[in-house]
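Bear in mind that the values here come from a model prediction, so they are computed numbers and not experimental data. Numbering of ligands and ligand atoms starts at 1, following listing order.
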Amino acid sequence: MSKYQSVNPYTNEVFATYENATADQISDSINLAHALYKKWRHEEPSVRARQLAKIADLLGEKKAEMAKLMTLEMGKKISESEEEVDICIGILNYYADKGPDLLKPEEYLNPFGRAYCLKQATGVIVACEPWNFPLYQVIRVFAPNYLVGNPIILKHAHNVPSSANLIAKLVKRSGAPEGCLLNLFLSYEQLDQIIADPRIAGVALTGSERGGISVAENAGKHLKKSTMELGGNDAFIVLDDADPAVLKKALSDARTYNNGQVCTSSKRMIVVESRYQEVLDDMKEIYEGLKWGDPLDRTTTLPPLNSEGTKQKLSKAVRDAVAGGAKVYYQYPEIDSQGAFFSPVILTDIAKDNPIFDQELFGPVCEVFKVKDEDEAVALANDSSYGLGSSVISSDVAHAEAVAARIETGMTVINGRWITDAALPFGGVKKSGYGRELSPLGLYAFVNEHLVVDFSQQNQQ
Ligand code: NAP
């Protein structure tokens with residue numbers, strides 16, 4: 001049986017199944033994408049920019065269809081699915097507007113003569129993406145690479161195949177050339193074979209450490225450039241002078257958005273003694289106030305997790321944490337449903353030898369740590385294999401900026417939860433991966449900085 005299935009996590013019913021790609025489909029896709037790369041090398045980025053804007057327009061027209069499908073497939077609240085579509089329209093328009101200028105050659109002062117770097121396409125890129133933002137994860141890689149002239153072969157997560165199909169269909173329907181985004185349902189072995197093909201120039205993966213290690217190893221074996229956007233165990237540092245209203249709002253967004261299934265959603269609340277009880281009280285009130293139900297119902301604030309498998313995995317992690325000495329401060333009442341619902345939980349007293357101390361828990365589990373001061377907070381934040389995002393909550397912004405600079409991480413938000421925007425680089429350090437998506441940095445991820453130097457004047461001397 002194919003593992004590419006659409007299962008509604010609210011009912012646990014299968015509503016679509018897809019077969020893996022055949023060898024011929026894979027071969028045809030690589031041929032098509034490579035031929036487009038060669039064709040695109042003779043075309044100005046401004047032509048592709050106009051097409052990106054058309055894709056953004058079509059996505060706007062199809063917002064309701066796209067959003068509903070994402071909610072049906074992975075259970076996020078319909079309002080969050082709609083917001084995801086809007087963010088993607090923003091990314092497409094950002095690269096459509098800014099991309100051509102960002103790809104202009106860059107001049108370098110040097111002793112020989114005029115020198116500049118052309119910013120050129122490198123070839124077909126494989127995008128291996130996770131389910132938690134079915135559209136956004138794809139657009140983050142597709143939009144900048146489309147502008148550059150790198151076609152994409154997409155291997156999406158096994159549990160969002162219908163979203164993957166719809167994304168590819170919409171891109172095609174917008175009038176974009178055949179081969180610019182090819183969705184294939186692939187086994188891991190098939191993916192490895194594609195990466196090994198000489199016409200593949202690079203691999204962008206967003207996902208877990210497990211998936212990242214495997215795909216990066218294969219890319220490395222074939223000397224293919226890769227970017228890895230992996231998991232996080234983000235610290236949310238609460239300082240003495242945190243504004244209570246700002247704190248509560250950030251806490252709520254941090255732990256409930258996408259039901260906690262966000263790579264950068266704060267997973268470890270690190271709180272100075274004076275504010276510890278307040279954070280526990282706030283979090284309890286936030287979790288208690290949630291209303292579970294159908295994610296298509298706009299009054300629902302606690303949707304199911306993305307799958308039964310995730311529910312089982314998260315439940316086991318919480319059991320292991322408690323067996324390892326953690327205390328349950330609060331847990332939402334048991335939910336009587338056939339769906340993949342998980343009752344949000346607040347854990348305290350997580351010591352360094354606890355099995356979850358250095359683990360990413362992907363769902364509504366709030367880990368709260370008490371520290372005596374800011375130095376201890378920073379030390380605990382940095383005592384992690386991960387370094388993706390983080391937050392610092394303090395009324396003194398200059399001071400919060402100084403604390404932010406001490407955290408070993410890719411991103412820090414002051415007085416807020418995680419954020420994303422087309423204009424801002426996204427990515428991490430340590431086991432959270434390498435490379436950046438979005439912003440100009442994301443545009444240059446798979447660009448050939450081709451140096452051209454005019455040596456003529458030197459010859460005349
Ligand atoms: P995952 O299991 O690693 O899957 C991500 C993608 O990699 C899927 O397409 C998956 O395919 C594929 N994959 C997994 N193992 C593979 C292997 N051994 N060989 C080839 N392909 C493999 O991650 P996930 O559970 O779907 O997503 C959640 C994780 O993503 C979390 O850790 C989260 O923090 C991270 N994430 C990071 C970012 C970021 O920007 N840093 C953003 C979002 C999510 P299958 O589905 O077929 O297994």
Side chain, backbone, both or neither: [X] near ligand 1, heavy atoms under 4.0 Å:
X: Ser208; answer: both
X: Asn132; answer: side chain
X: Asn159; answer: neither
X: Glu437; answer: neither
X: Thr264; answer: neither

| said: Please tell me whether Phe362 and Trp131 form a close aromatic pair, meaning their ring centres lie under 6.0 Å apart. | reply: yes

Do [X] and [Y] have side-chain N/O donor and acceptor atoms under 3.5 Å apart?
X: Asn306; Y: Asn159; value: yes
X: Asn20; Y: Ser187; value: no
X: Tyr386; Y: Glu209; value: yes
X: Ser174; Y: Gln51; value: yes
X: Tyr330; Y: Glu285; value: no
X: Asn165; Y: Asn183; value: yes
X: Ser6; Y: Tyr18; value: no
X: Thr420; Y: Tyr136; value: yes
X: Arg199; Y: Asn31; value: yes

Considering only protein heavy atoms, which is closest to [atom], and at what distance to one decimal place?
atom: atom 28 (C) of ligand 1; value: Phe362 CE2, 3.7 Å
atom: atom 24 (P) of ligand 1; value: Trp131 NE1, 3.5 Å
atom: atom 40 (O) of ligand 1; value: Arg140 NH2, 2.8 Å
atom: atom 42 (C) of ligand 1; value: Cys263 SG, 2.9 Å
atom: atom 27 (O) of ligand 1; value: Pro130 CB, 3.4 Å
atom: atom 41 (N) of ligand 1; value: Leu230 O, 2.7 Å
atom: atom 2 (O) of ligand 1; value: Arg210 NH2, 2.9 Å
atom: atom 6 (C) of ligand 1; value: Glu129 O, 3.5 Å

Within a distance under 4.0 Å of any heavy atom of [X], pick out the atoms of ligand 1 and give their elements.
X: Ala157; result: 8 (C), 9 (O), 46 (O)
X: Leu191; result: 20 (C), 21 (N)
X: Ser214; result: 17 (C), 18 (N), 19 (N)
X: Lys3; result: 45 (P), 47 (O), 48 (O)
X: Leu388; result: 41 (N)
X: Val215; result: 19 (N), 20 (C), 21 (N)
X: His156; result: 9 (O)
X: Phe426; result: 39 (C), 40 (O)

From [options] - option closest to [atom] by heavy atom:
atom: atom 10 (C) of ligand 1; options: Lys155, His158, Met74; answer: Lys155
atom: atom 29 (C) of ligand 1; options: Gly231, Ala164, Gly207, Gly435; answer: Gly207
atom: atom 7 (O) of ligand 1; options: Gly211, Gly389, Cys128, Ser265; answer: Cys128

| task | With sequence neighbours excluded, give me every ring pair (Phe, Tyr, Trp, His ring centres under 6.0 Å) pair touching residues 198-226. | result | none

| request: Would you indicate whether Lys291, at its atom NZ, is surrounded by more than 12 heavy atoms from other residues, nucleotides or ligands within a distance under 6.0 Å? | output: yes

| said: How about CD on Glu217, more than 12 heavy atoms from neighbouring residues, nucleotides or ligands closer than 6.0 Å, or not? | reply: no

| query | Who pairs with Lys249 by side chain to side chain donor-acceptor pair (under 3.5 Å), at least two apart in sequence or on another chain? | reply | Asp253

Consider every N or O of [X] and every N or O of ligand 1, then say whether any pair is closer than 3.5 Å.
X: Thr206; result: no
X: Tyr188; result: yes
X: Glu360; result: yes

| Does Phe426 have Arg140 sitting over its ring (NZ/CZ under 6.0 Å from centre, angle to axis within 45°)? | yes

| Does ligand 1 have an atom that lies less than 4.0 angstrom from a heavy atom of Gln137? | yes

| Criterion ring-ring contact (aromatic ring centres under 6.0 Å, His included) on Trp292 and Tyr332, from CA distance to verdict | CA-CA 10 Å; Trp292 72 271; Tyr332 191 86; 8.4 Å; no

